[in-house]
**Q** 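Before anything else, here's the structure in question.
Values below: every heavy atom of this structure, side chains too, minus hydrogens, waters and symmetry copies. So that the names make sense, note that chain A is the first sequence line, chain B the second, and so on, each numbered from 1.
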Amino acid sequence: EPEVTQTPSHQVTQMGQEVILRCVPISNHLYFYWYRQILGQKVEFLVSFYNNEISEKSEIFDDQFSVERPDGSNFTLKIRSTKLEDSAMYFCASSGEGLQYFGPGTRLTVT
Amino acid sequence: AQSVTQLDSQVPVFEEAPVELRCNYSSSVSVYLFWYVQYPNQGLQLLLKYLSGSTLVKGINGFEAEFNKSQTSFHLRKPSVHISDTAEYFCAVSGPTYDNDMRFGAGTRLTVKP
(Lines give C-alpha, C1' and ligand atoms only; values in the text may rest on other atoms or scores of the structure.)
Protein backbone atom coordinates (compact mmCIF):
# COMPACT_ATOMS: atom_id res chain seq x y z
CA GLU A 1 0.00 0.00 0.00
CA PRO A 2 1.43 3.41 -0.94
CA GLU A 3 2.30 5.67 1.95
CA VAL A 4 3.57 9.14 2.74
CA THR A 5 7.11 9.16 4.07
CA GLN A 6 8.89 11.83 6.07
CA THR A 7 12.52 12.43 6.90
CA PRO A 8 14.10 12.78 9.32
CA SER A 9 12.04 11.14 12.03
CA HIS A 10 13.64 13.39 14.63
CA GLN A 11 15.48 16.66 14.11
CA VAL A 12 17.27 18.57 16.84
CA THR A 13 18.36 22.11 16.09
CA GLN A 14 19.53 25.17 17.93
CA MET A 15 17.40 28.25 18.25
CA GLY A 16 17.94 30.59 15.34
CA GLN A 17 18.94 27.87 12.89
CA GLU A 18 17.06 26.95 9.73
CA VAL A 19 15.58 23.49 9.27
CA ILE A 20 14.09 21.71 6.30
CA LEU A 21 11.61 18.92 6.86
CA ARG A 22 11.12 16.57 3.97
CA CYS A 23 8.14 14.60 2.78
CA VAL A 24 7.51 12.26 -0.12
CA PRO A 25 3.77 12.26 -0.87
CA ILE A 26 1.95 9.42 -2.55
CA SER A 27 2.93 9.56 -6.19
CA ASN A 28 -0.41 10.26 -7.91
CA HIS A 29 -1.68 12.73 -5.34
CA LEU A 30 -2.04 16.39 -6.26
CA TYR A 31 -2.71 18.12 -2.94
CA PHE A 32 -0.15 18.34 -0.17
CA TYR A 33 -0.34 19.59 3.40
CA TRP A 34 1.68 20.31 6.48
CA TYR A 35 0.25 20.07 9.99
CA ARG A 36 1.83 20.68 13.36
CA GLN A 37 1.20 19.12 16.75
CA ILE A 38 2.79 20.71 19.78
CA LEU A 39 3.32 18.13 22.51
CA GLY A 40 0.07 17.36 24.28
CA GLN A 41 -2.00 19.59 22.01
CA LYS A 42 -4.19 19.13 18.97
CA VAL A 43 -3.08 18.81 15.39
CA GLU A 44 -3.08 22.20 13.66
CA PHE A 45 -3.24 22.92 9.96
CA LEU A 46 -0.33 24.94 8.60
CA VAL A 47 -0.56 25.02 4.81
CA SER A 48 -1.91 23.30 1.74
CA PHE A 49 -0.23 23.21 -1.64
CA TYR A 50 -1.60 22.51 -5.10
CA ASN A 51 -0.31 23.06 -8.59
CA ASN A 52 3.00 24.37 -7.30
CA GLU A 53 1.54 27.07 -5.14
CA ILE A 54 0.05 27.57 -1.72
CA SER A 55 -3.72 27.12 -1.85
CA GLU A 56 -4.47 27.88 1.78
CA LYS A 57 -2.53 28.70 4.92
CA SER A 58 -3.34 29.25 8.57
CA GLU A 59 -2.39 32.15 10.79
CA ILE A 60 0.43 30.02 12.14
CA PHE A 61 2.11 29.89 8.74
CA ASP A 62 3.87 33.26 8.80
CA ASP A 63 6.97 34.50 6.99
CA GLN A 64 9.13 32.18 9.03
CA PHE A 65 7.74 29.24 7.10
CA SER A 66 7.92 28.29 3.45
CA VAL A 67 7.06 25.23 1.39
CA GLU A 68 8.43 23.91 -1.84
CA ARG A 69 8.11 21.00 -4.21
CA PRO A 70 11.62 21.13 -5.62
CA ASP A 71 11.73 18.09 -7.83
CA GLY A 72 8.27 16.66 -8.45
CA SER A 73 8.50 14.06 -5.71
CA ASN A 74 9.61 15.79 -2.52
CA PHE A 75 7.56 18.32 -0.59
CA THR A 76 9.49 20.37 1.94
CA LEU A 77 8.73 22.65 4.84
CA LYS A 78 11.43 25.18 5.66
CA ILE A 79 11.48 26.92 9.00
CA ARG A 80 13.81 29.90 9.19
CA SER A 81 15.32 31.14 12.41
CA THR A 82 13.72 28.49 14.60
CA LYS A 83 12.30 29.39 18.00
CA LEU A 84 11.79 27.24 21.07
CA GLU A 85 8.06 27.26 20.44
CA ASP A 86 8.56 25.65 17.04
CA SER A 87 9.29 22.40 18.85
CA ALA A 88 6.53 20.06 17.74
CA MET A 89 5.67 17.05 15.63
CA TYR A 90 5.23 18.05 12.01
CA PHE A 91 3.01 15.89 9.83
CA CYS A 92 2.92 15.90 6.07
CA ALA A 93 -0.16 14.66 4.23
CA SER A 94 -1.22 14.16 0.65
CA SER A 95 -4.70 13.87 -0.71
CA GLY A 96 -6.31 11.56 -3.18
CA GLU A 97 -9.70 9.92 -3.69
CA GLY A 98 -11.28 11.88 -0.90
CA LEU A 99 -8.76 11.04 1.79
CA GLN A 100 -5.76 12.70 3.29
CA TYR A 101 -2.97 10.27 4.01
CA PHE A 102 -0.64 11.28 6.79
CA GLY A 103 3.04 10.58 7.12
CA PRO A 104 4.57 9.32 10.37
CA GLY A 105 5.76 12.79 11.33
CA THR A 106 9.03 14.52 12.09
CA ARG A 107 9.67 15.46 15.69
CA LEU A 108 11.44 18.82 15.74
CA THR A 109 13.21 19.78 18.93
CA VAL A 110 14.59 23.32 19.19
CA THR A 111 17.11 23.83 21.96
CA ALA B 1 -14.64 28.54 9.08
CA GLN B 2 -14.99 24.99 10.27
CA SER B 3 -14.26 23.79 13.77
CA VAL B 4 -14.51 20.68 15.86
CA THR B 5 -15.23 20.35 19.55
CA GLN B 6 -14.39 17.19 21.41
CA LEU B 7 -16.40 17.39 24.57
CA ASP B 8 -14.27 15.14 26.75
CA SER B 9 -10.55 15.58 27.15
CA GLN B 10 -10.21 12.30 29.03
CA VAL B 11 -12.36 9.20 29.14
CA PRO B 12 -11.41 6.42 31.54
CA VAL B 13 -13.20 3.12 31.08
CA PHE B 14 -12.84 -0.47 32.19
CA GLU B 15 -11.91 -3.21 29.78
CA GLU B 16 -14.86 -4.77 27.91
CA ALA B 17 -17.10 -1.82 28.72
CA PRO B 18 -18.71 0.23 25.94
CA VAL B 19 -17.37 3.69 25.16
CA GLU B 20 -18.53 6.80 23.34
CA LEU B 21 -16.22 9.64 22.43
CA ARG B 22 -18.14 12.78 21.57
CA CYS B 23 -17.48 15.11 18.68
CA ASN B 24 -19.46 18.14 17.49
CA TYR B 25 -18.60 20.19 14.48
CA SER B 26 -19.42 23.63 13.16
CA SER B 27 -19.50 24.42 9.47
CA SER B 28 -21.41 26.54 7.00
CA VAL B 29 -20.69 24.16 4.14
CA SER B 30 -21.02 20.46 3.56
CA VAL B 31 -18.55 18.47 5.56
CA TYR B 32 -16.52 15.35 5.60
CA LEU B 33 -15.78 13.91 9.01
CA PHE B 34 -12.99 11.71 10.29
CA TRP B 35 -11.75 9.99 13.40
CA TYR B 36 -8.04 9.37 13.85
CA VAL B 37 -6.21 7.45 16.57
CA GLN B 38 -2.75 8.30 17.79
CA TYR B 39 -0.78 5.87 19.90
CA PRO B 40 2.08 7.24 22.03
CA ASN B 41 4.93 8.62 19.94
CA GLN B 42 3.28 7.56 16.71
CA GLY B 43 1.53 9.23 13.80
CA LEU B 44 -2.13 9.51 12.94
CA GLN B 45 -4.04 6.44 11.89
CA LEU B 46 -7.42 6.79 10.22
CA LEU B 47 -10.14 4.91 12.11
CA LEU B 48 -13.09 5.81 9.93
CA LYS B 49 -14.55 8.52 7.74
CA TYR B 50 -17.86 9.93 6.65
CA LEU B 51 -17.88 11.30 3.10
CA SER B 52 -21.46 10.64 2.01
CA GLY B 53 -24.16 7.96 2.05
CA SER B 54 -25.04 5.96 5.13
CA THR B 55 -24.78 7.98 8.31
CA LEU B 56 -23.53 4.98 10.27
CA VAL B 57 -19.91 4.40 9.45
CA LYS B 58 -17.90 1.38 10.48
CA GLY B 59 -14.16 1.56 10.85
CA ILE B 60 -11.22 -0.50 11.93
CA ASN B 61 -10.72 -2.14 15.32
CA GLY B 62 -14.47 -2.46 15.92
CA PHE B 63 -15.17 1.28 16.04
CA GLU B 64 -18.16 2.97 14.46
CA ALA B 65 -19.51 6.48 14.29
CA GLU B 66 -22.80 8.08 13.36
CA PHE B 67 -23.13 11.31 11.44
CA ASN B 68 -26.03 13.36 12.79
CA LYS B 69 -26.54 16.45 10.68
CA SER B 70 -29.31 17.96 12.81
CA GLN B 71 -27.17 17.73 15.94
CA THR B 72 -23.92 18.43 14.06
CA SER B 73 -22.33 15.47 15.77
CA PHE B 74 -20.10 12.57 14.81
CA HIS B 75 -19.68 10.51 17.97
CA LEU B 76 -17.36 7.52 18.01
CA ARG B 77 -18.45 4.30 19.68
CA LYS B 78 -17.15 0.87 20.49
CA PRO B 79 -19.29 -1.77 22.24
CA SER B 80 -16.42 -3.42 24.10
CA VAL B 81 -12.99 -1.86 24.53
CA HIS B 82 -9.61 -3.51 25.01
CA ILE B 83 -6.52 -2.40 26.86
CA SER B 84 -4.91 -1.88 23.46
CA ASP B 85 -7.46 0.83 22.62
CA THR B 86 -5.73 3.17 25.06
CA ALA B 87 -4.70 6.12 22.90
CA GLU B 88 -5.52 9.67 21.89
CA TYR B 89 -8.49 10.03 19.54
CA PHE B 90 -8.96 13.01 17.27
CA CYS B 91 -12.09 14.05 15.42
CA ALA B 92 -11.52 16.10 12.28
CA VAL B 93 -13.57 17.94 9.67
CA SER B 94 -12.87 19.07 6.14
CA GLY B 95 -14.97 20.34 3.25
CA PRO B 96 -16.74 21.32 1.09
CA THR B 97 -14.42 19.41 -1.20
CA TYR B 98 -12.30 16.41 -0.39
CA ASP B 99 -9.10 18.33 -0.70
CA ASN B 100 -9.80 21.15 1.71
CA ASP B 101 -7.56 21.33 4.74
CA MET B 102 -8.51 19.35 7.80
CA ARG B 103 -9.39 20.91 11.16
CA PHE B 104 -8.85 18.78 14.22
CA GLY B 105 -10.44 18.69 17.62
CA ALA B 106 -8.37 18.92 20.78
CA GLY B 107 -8.40 15.17 21.23
CA THR B 108 -9.81 12.73 23.75
CA ARG B 109 -7.51 10.58 25.78
CA LEU B 110 -9.09 7.13 26.13
CA THR B 111 -7.64 5.08 28.97
CA VAL B 112 -8.80 1.49 29.27
CA LYS B 113 -8.25 -0.01 32.69
CA PRO B 114 -8.15 -3.75 33.52
Side-chain angles (χ1 to χ4, degrees), chain A residues 1-10 21 23 25-26 28-51 53-61 67 88-109, chain B residues 1-10 21-27 29-53 57 59-60 67 87-109 111:
Chain A
E1 185 177 335
E3 58 183 19
V4 176
T5 59
Q6 291 185 243
T7 54
S9 57
H10 191 187
L21 310 183
C23 168
I26 294 173
N28 62 345
H29 286 182
L30 299 177
Y31 288 83
F32 315 111
Y33 313 81
W34 282 102
Y35 293 83
R36 178 181 80 176
Q37 184 182 29
I38 295 172
L39 185 64
Q41 298 186 25
K42 69 177 180 180
V43 178
E44 301 171 290
F45 167 73
L46 290 177
V47 65
S48 59
F49 192 85
Y50 171 73
N51 200 25
E53 61 183 25
I54 291 173
S55 54
E56 192 171 356
K57 60 183 181 179
S58 72
E59 60 276 6
I60 301 169
F61 194 86
V67 289
M89 182 75 91
Y90 289 82
F91 293 104
C92 172
S94 67
S95 174
E97 300 174 347
L99 273 185
Q100 289 187 29
Y101 293 79
F102 284 81
T106 293
R107 180 168 295 285
L108 175 65
T109 303
Chain B
Q2 298 161 325
S3 66
V4 171
T5 301
Q6 291 184 242
L7 297 163
D8 307 294
S9 60
Q10 296 187 56
L21 306 183
R22 297 182 291 169
C23 171
N24 286 89
Y25 68 91
S26 172
S27 177
V29 298
S30 56
V31 296
Y32 306 104
L33 293 155
F34 308 82
W35 275 98
Y36 286 85
V37 60
Q38 186 178 37
Y39 299 101
N41 298 313
Q42 293 191 26
L44 298 166
Q45 181 180 7
L46 180 67
L47 274 179
L48 49 78
K49 63 185 184 294
Y50 171 78
L51 302 180
S52 66
V57 179
I60 62 171
F67 172 58
E88 191 84 18
Y89 291 79
F90 292 96
C91 182
V93 62
S94 72
T97 68
Y98 292 157
D99 301 306
N100 284 114
D101 63 275
M102 197 170 288
R103 304 290 167 149
F104 286 80
T108 297
R109 174 73 181 169
T111 303

**Q** Kindly say whether Tyr90(A) contributes a backbone atom to a donor-acceptor pair with the side chain of Thr106(A) at under 3.5 angstrom?
**A**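 No.
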**Q** With a 4.5 angstrom heavy-atom cut-off, is it the side chain or the backbone of Tyr101(A) that approaches chain B, or both, or neither?
**A**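 No part of it gets close to chain B.
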**Q** Can you say whether Gln41(A) sits under 4.5 Å from chain B via the side chain, the backbone, both, or neither, judging by heavy atoms?
**A**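 For Gln41(A), backbone heavy atoms alone lie under 4.5 Å from chain B.
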**Q** Does any backbone or side-chain atom of Gln6(A) lie under 4.5 Å from a heavy atom of chain B? Answer side chain, backbone, both or neither.
**A**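 Neither part, no heavy atoms under 4.5 Å.
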**Q** For a side chain to side chain donor-acceptor pair (under 3.5 Å) with Tyr35(A), tell me which candidate from Gln100(A), Lys42(A), Glu44(A) qualifies.
**A**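 Passing option: Gln100(A).
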**Q** Is it the case that over 12 heavy atoms from other parts of the model lie below 6.0 angstrom from the CG atom of Leu39(A)?
**A**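 Counting other residues, nucleotides and ligands, CG of Leu39(A) stays at 12 neighbours or fewer.
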**Q** Pick from Leu44(B), Leu46(B), Asp101(B): which one has the most heavy-atom pairs with chain A under 4.5 Å?
**A**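 The option with the most such pairs is Asp101(B).
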**Q** Would you call the rings of Phe102(A) and Phe104(B) parallel, tilted or perpendicular if under 30° counts as parallel and over 60° as perpendicular?
**A**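 Judged by the thresholds at 30° and 60°, the geometry between Phe102(A) and Phe104(B) is perpendicular.
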**Q** With side chain to side chain contact (heavy atoms under 4.5 Å, CB included) as the test, would you mind laying out the steps for Leu51(B) and Phe34(B) before giving the verdict?
**A** CA-CA 9 Å; Leu51(B) 302 180; Phe34(B) 308 82; 4.1 Å; yes
**Q** Considering only heavy atoms, which portion of Gln38(B) lies under 4.5 Å from any heavy atom of chain A: side chain, backbone, both, or neither?
**A**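 Side chain only.
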